[in-house]
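Below is one structure, written out as structure tokens; comments come after it.
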Amino acid sequence: DVKVTQSSRYLVKRTGEKVFLECVQDMDHENMFWYRQDPGLGLRLIYFSYDVKMKEKGDIPEGYSVSREKKERFSLILESASTNQTSMYLCASSSVGIADRAFFGQGTRLTVV
Amino acid sequence: GQQLNQSPQSMFIQEGEDVSMNCTSSSIFNTWLWYKQEPGEGPVLLIALYKAGELTSNGRLTAQFGITRKDSFLNISASIPSDVGIYFCAGPTQGGSEKLVFGKGTKLTVNP
């Protein structure tokens, strides 16, 4: 069974902390994505990676960075967490040229206090 | 950028009722996707549509790719409580088909 696994289901962090959200996929997919989901706003793309060490900004990259040192792992980094980054974060992966076969992780609900 | 306008935003229905939701865009899409997100989980692909006019079913779910390629709809027949969730339409972005753009979702509540 194919899997995208996010390291935490729930996280509570303090304002100003550096936060790492980890995502691992076992499908040998080239593409990996980080989305943010807020009520009424749908899924918004934060960053996209199409290969190891390659990344591309999405629609809302401000306040975030990413790291992809290995093909299977894609990390989202909040350099200095703020309360407006409280949200559900979703990781996804897909093969090159098959964007419609994206698989999602279960999500990480991050609360910044 | 491209946007997908999804309606309605939310629906409250009784078990057994049929449901219809749609998605429109000012841009042409060559693929339309419908995802379902159950509470506490990530979205899961329900139906993928690849040709204008295409009508595809998945159990009680039926989706159609509009002739103009600017819209799609999803119908659920004889709803049951486990249909609860958020339904998203999505499509590959222009000039970068590795990425998907999503609608804002339709939140479905089914009363037993």
Side-chain angles (χ1 to χ4, degrees), chain A residues 1-10 21 23-25 27 29-51 54-61 74 87-109, chain B residues 1-11 21-25 29-51 54 56 58 63 65 72 85-109:
Chain A
D1 209 13
V2 296
K3 258 198 164 165
V4 178
T5 304
Q6 294 181 229
S7 54
S8 305
R9 292 289 290 251
Y10 300 94
L21 303 184
C23 176
V24 177
Q25 51 97 0
M27 295 166 281
H29 284 167
E30 294 82 6
N31 300 328
M32 294 189 77
F33 308 83
W34 275 106
Y35 291 90
R36 172 175 171 160
Q37 182 180 13
D38 299 290
L41 296 179
L43 275 65
R44 295 180 291 168
L45 182 64
I46 305 172
Y47 265 99
F48 159 54
S49 170
Y50 50 93
D51 202 350
M54 306 304 285
K55 63 186 179 185
E56 193 175 299
K57 291 180 180 178
D59 300 316
I60 52 164
F74 192 33
S87 188
M88 169 72 92
Y89 290 88
L90 289 163
C91 174
S93 72
S94 67
S95 283
V96 168
I98 317 179
D100 58 321
R101 297 295 167 187
F103 293 88
F104 282 84
Q106 77 278 26
T108 297
R109 185 163 292 285
Chain B
Q2 289 175 289
Q3 284 191 327
L4 292 177
N5 303 306
Q6 198 170 343
S7 65
Q9 279 191 339
S10 60
M11 303 182 76
M21 60 189 78
N22 68 69
C23 199
T24 61
S25 175
F29 280 80
N30 293 315
T31 299
W32 283 94
L33 309 170
W34 286 94
Y35 283 85
K36 178 188 178 187
Q37 183 182 29
E38 296 189 359
E41 301 295 329
V44 174
L45 182 66
L46 295 174
I47 293 178
L49 302 160
Y50 301 103
K51 270 173 48 175
E54 181 181 354
T56 297
N58 178 3
F65 191 141
S72 177
I86 304 175
Y87 292 79
F88 293 100
C89 60
T93 60
Q94 288 176 345
S97 62
E98 305 295 339
K99 294 182 281 187
L100 296 175
V101 59
F102 286 82
K104 292 185 165 70
T106 294
K107 186 174 183 179
L108 179 64
T109 302

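The shown structure was predicted, so the numbers you read here are calculated from the model rather than taken from an experiment. Keep in mind that the numbers below use all heavy atoms, side chains included, and drop hydrogens, waters and symmetry copies. Residue numbering restarts at 1 for every chain, and letters A, B, ... go by the order of the sequence lines.
Heavy-atom distances place no part of B/L4 under 4.5 Å from chain A, backbone and side chain included. Interface remark: A/L43 contributes backbone and side-chain atoms alike to the contact with chain B (heavy atom separation under 4.5 Å). Neither the backbone nor the side chain of A/Y50 comes within less than 4.5 Å of any heavy atom of chain B. Contact of A/R44 with chain B is not made at all, since no heavy-atom distance falls under 4.5 Å. Neither the backbone nor the side chain of A/Q6 comes within less than 4.5 Å of any heavy atom of chain B. In this structure, chain A has a heavy atom under 4.5 Å from the side chain of B/Q37, while its backbone stays farther away.
Highest contact tally toward chain A, considering only B/P43, B/G40, B/A48, B/S10, is held by B/P43 [criterion: heavy-atom pairs under 4.5 Å]. For the set B/L33, B/I86, B/T31, the entry with the most heavy-atom pairs within less than 4.5 Å of chain A is B/L33. Of the residues considered (A/M88, A/R109, A/R101), A/R101 shows the highest number of contacts with chain B, using heavy-atom pairs under 4.5 Å.
Taking the side-chain contact (heavy atoms from CB on, under 4.5 Å) definition, one finds that A/S94 meets it with A/N31, A/F33, A/A102, sequence neighbours left out. The side-chain hydrogen bond (donor to acceptor under 3.5 Å, both in side chains) check on A/Q106 picks up nothing, with sequence neighbours excluded.
Between B/F102 and A/Q37 there is no side-chain heavy-atom pair separated by less than 4.5 Å.
A/L90 CG to B/E41 CD: the interatomic distance, rounded to the nearest 0.5 Å, is 10.5 Å.
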Stepwise side-chain contact (heavy atoms from CB on, under 4.5 Å) test for B/K99 and A/E56: CA-CA 11 Å; B/K99 294 182 281 187; A/E56 193 175 299; 2.8 Å; yes
